[in-house]
2 protein chains.
Amino acid sequence: MGSPKRTTIYDVAREAGVAASTVSRAFSNPRRVNRATREHVHAAAERLGYRPSPLASALQSGRTATIAMLVPDITNPHFFGAIRGAEGRARQADLTFILSNTEESAAKEQDQIERLSRSVDGFVLAASRLPGGAVTDLARDHNLALVNREVEGIPSAVVDNDSGTGQIVDHLASLGHRSLVYLSGPQQSWSAGRRWKALRSAASEHGMAAERLGPFPPTTDAGGAAADAALARDATALVAHNDLLAIGVLKRLAERDVGVPEKASVVGYDNIFGADLCVPSLTTLAGPGDHAGRAAVELLLRGGARSGTLTDPHRVVLPSHLVIRDSTGPPPVTGRSRRLLH
Amino acid sequence: MGSPKRTTIYDVAREAGVAASTVSRAFSNPRRVNRATREHVHAAAERLGYRPSPLASALQSGRTATIAMLVPDITNPHFFGAIRGAEGRARQADLTFILSNTEESAAKEQDQIERLSRSVDGFVLAASRLPGGAVTDLARDHNLALVNREVEGIPSAVVDNDSGTGQIVDHLASLGHRSLVYLSGPQQSWSAGRRWKALRSAASEHGMAAERLGPFPPTTDAGGAAADAALARDATALVAHNDLLAIGVLKRLAERDVGVPEKASVVGYDNIFGADLCVPSLTTLAGPGDHAGRAAVELLLRGGARSGTLTDPHRVVLPSHLVIRDSTGPPPVTGRSRRLLH
DNA sequence: CCACCCATGGCAAGCGATTGCCATTTGTTG
DNA sequence: CAACAAATGGCAATCGCTTGCCATGGGTGG
């Protein structure tokens, strides 16, 4: 493959009768060259079908016009919004977008950053599994922006789960639930910890009992175990770490003939595709994932550590809202005194 | 960001007391250098925290160790499998993986290829919207592999929709349906054309009538229009271009009180996440999308046009199978003589 | 009319690797 | 033991572009 020889700035320079440097500037720094000359050069380039080599450019300038996004699991619908948003924003900014899967592993994440480091201007870390300290360290040498994760001093865009979690608890409380269980996500998941804290404090404000079960992998498959664990607690309100897990829970409850929402209410996070398709449809916290992705790229563009000191890292918090569907309702009339399974 | 100066082979060379070329070879062509020296060099590199610059390497060698995958719509679950498979295989081969969205546009696809061309060793085109001729042209200058698309002379990995379509029609026929409508996908979609052909011929083999409606965008939103169009035809069996569309159709049919599968059967393609969650759950053709993605990268690795002549392009066809769920059943007893809407 | 400034274009030195070619050293072989 | 081949390391050119610095020339103000 590949034509024998790609045309270079030198070819264009010859064709246009100017120096190579002028050609370079005509493209990368247009205002540095006289308009007439510039147009002349562009015409010559056009004629020759010239395409600049991003590699050569990057090698010399240090700017790659490329950003990478690292995601724990690209197949998790939770991230689709963010990926889509980031990709779109990158495209707008004329940046090449690299997507990489870290397989829920902090080590792989770190390794990816290390190896992409030279070929990329910055990283968007979605729900990074890295411990905060590691992120801070990395930020010293790399341009970072976080999605749905916050680390002191690092720019980030997060969906406001704290207030969202409050909405969930309000909803549950207003339906009459007196307690809830949280079916927790992965241990290293920042959101998981965060949600549990918010859940607990919101619950106590309403005088509700809250218990945390798990951790469970954030997948539908894990829903079985999660549901069983909840049933063993006689829970009437189950808040799952995310919709995938919630949907799995729904399945399992159906198998065990526990009516939803009559016997138990289920809530998820993310409002993924499918949340409105399952039966019963899922009450879930919807957040603008795509905005978060977009915002993170924006932050990267604004320069991360490049733009002066690290003292004013930007922090974007996006509002979330509860989408109430059919998986939540009042607790069983006889309440906590009766077991769910007769 | 960035430490003041990255360490280069020259630094390592000095540290190890050898020439830069030796360092280079110690990494990129290990067998070219004596084992003792090599280990010595590696140790020095380790000590200095040396990371090779992929850019410099690529600039000189012409090999970027990077492939790009172009997808019409990254948010379409149809592609998740393929993306995941390709990403995984690329990672295995130690290749950087670039993902790009072409927004269902042939022009954008072509443009993307053009601009990534210099920084990539090859392209995986998923469900390319490009006309066959354009693909052939591009293949002259680029390393290509196709997913779910076939073009004479270009390596490709496709899920066998032809036989799969046969399975769909068999299933429908055996339930007693005498006719079907195809709710077509985008005009430029190769699969759409392909499916329709297969559908028509399989139908005629069974003596069934087949009609094509559309084109419709392959989204749930488009399902409304598709369903309405089908109802206007008194169709009893609707084969949708993909699951997204099928799910949209299901929704619309429910709104219009057309019982599925009592009054009408619906079939989709892809078996996406969600196909088993909707009500009724969707009968659909499942294909190993991830294998297709993996296979495509494999083909790219095998060298595409690089490996000798183009005379033996590899062509991988992966088996598909029908997953029968609740959205298909026998046609209404009174059959075609009664209108679906009273 | 002179001094000075700014806009513009060219020169040439890199950026950090790869690699063809040559020079040694070491190992084989008749 | 001479002669030749293989293994190994070094030199230096090169990939295609960016950019600091300099030279030139026309425009401007005093």
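Only this structure's heavy atoms are used, side chains among them; waters, hydrogens and symmetry mates stay out. By convention in this document, chain letters (A, B, ...) are assigned in the order of the sequence lines, proteins followed by strands, and residues within each chain are numbered from 1.
- Residue contacts for A/Ser21: at a heavy-atom cut-off of 4.0 Å it reaches a base atom on one of the strands shown.
- When distances are taken from the side chain of B/Asn34 to each of D/dT8, D/dC17, C/dA17, the shortest belongs to D/dT8.
- B/Phe27 comes within 4.0 angstrom of no nucleic acid atom, judged by non-hydrogen atoms across all strands.
- Rounded to a whole Å, the CG atom of A/Leu55 is 14 Å from the P atom of C/dA17.
- Applying the 3.5 Å distance criterion, the base of D/dC17 shares no donor-acceptor pair with the side chain of A/Ser24.
- When rounded to the nearest whole Å, the span between CG of B/Leu59 and P of C/dG14 equals 17 Å.
- For the pair B/Arg31 CZ and D/dT8 C1', the interatomic distance rounds to 14 Å; values are reported in whole Å.
- Nearest nucleotide to the B/Thr22 side chain, out of D/dG9, D/dT14, D/dT18: D/dG9.
- B/Val23 comes within 4.0 angstrom of no nucleic acid atom, judged by non-hydrogen atoms across all strands.
- One finds no side-chain N or O of B/Tyr10 lying less than 4.0 angstrom from the OP1 or OP2 phosphate oxygen of C/dT18.
- Remark: the A/Ser53 side chain and the D/dC17 base include no donor-acceptor N/O pair separated by less than 3.5 Å.
- Comparing D/dG16, C/dG20, C/dA17 by their nearest atom to the side chain of B/Arg25 picks out C/dG20.
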Item to complete: Check step by step if side chain to side chain donor-acceptor pair (under 3.5 Å) holds for A/Glu152 and A/Thr136.
Response: CA-CA 8 Å; A/Glu152 177 77 36; A/Thr136 310; over 6 Å; no
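- When distances are taken from the side chain of A/Thr8 to each of D/dC17, C/dA17, C/dT18, the shortest belongs to D/dC17.
- Between B/Ala19 and B/Arg118, the residue anchored nearer the 5' end of DNA chain D, judged by the nucleotide with its closest heavy atom, is B/Ala19.
- One interatomic measurement links the two molecules: CD of A/Gln60 to P of C/dG14, which rounds to 10 Å at whole-angstrom precision.
- One interatomic measurement links the two molecules: CD1 of B/Ile9 to P of C/dT18, which rounds to 7 Å at whole-angstrom precision.
- Rounded to a whole Å, the CZ atom of A/Arg6 is 11 Å from the P atom of D/dC17.
- The CG-C1' distance, from B/Asn29 to D/dG9, rounds to 13 Å in whole Å.
- With hydrogens and angles disregarded, no donor-acceptor distance shorter than 3.5 Å links the side chain of A/Asp73 to the backbone of A/Glu103.
- A distance of 4.0 Å separates CZ of A/Arg6 from OG of B/Ser117, quoted to the nearest 0.5 Å.
- Using a 3.5 Å distance cut-off with no hydrogens or angles, the side chains of A/Glu109 and A/Ser128 do pair a donor with an acceptor.
- At a cut-off of 3.5 angstrom, counting only N and O atoms as typed in the model, there is a donor on one side and an acceptor on the other between the side-chain of A/Arg32 and the base of C/dG9.
- Atom C1' of nucleotide D/dC15 and atom CG of A/Asp11 are separated by 13 Å, given to the nearest angstrom.
- Side chain to side chain, A/Thr64 and A/Arg118 fail the donor-acceptor criterion of an N or O pair below 3.5 Å.
- Residue B/Pro54 is classed as having no contact, given no heavy-atom separation below 4.0 Å to the nucleic acid.
- From A/Leu138, atom CG reaches atom CD1 of A/Ile113 across 4.5 Å, with rounding to the nearest 0.5 Å.
- At D/dC15, none of the side-chain N or O atoms of B/Arg63 fall inside 4.0 Å of OP1 or OP2 (strictly under the cut-off).
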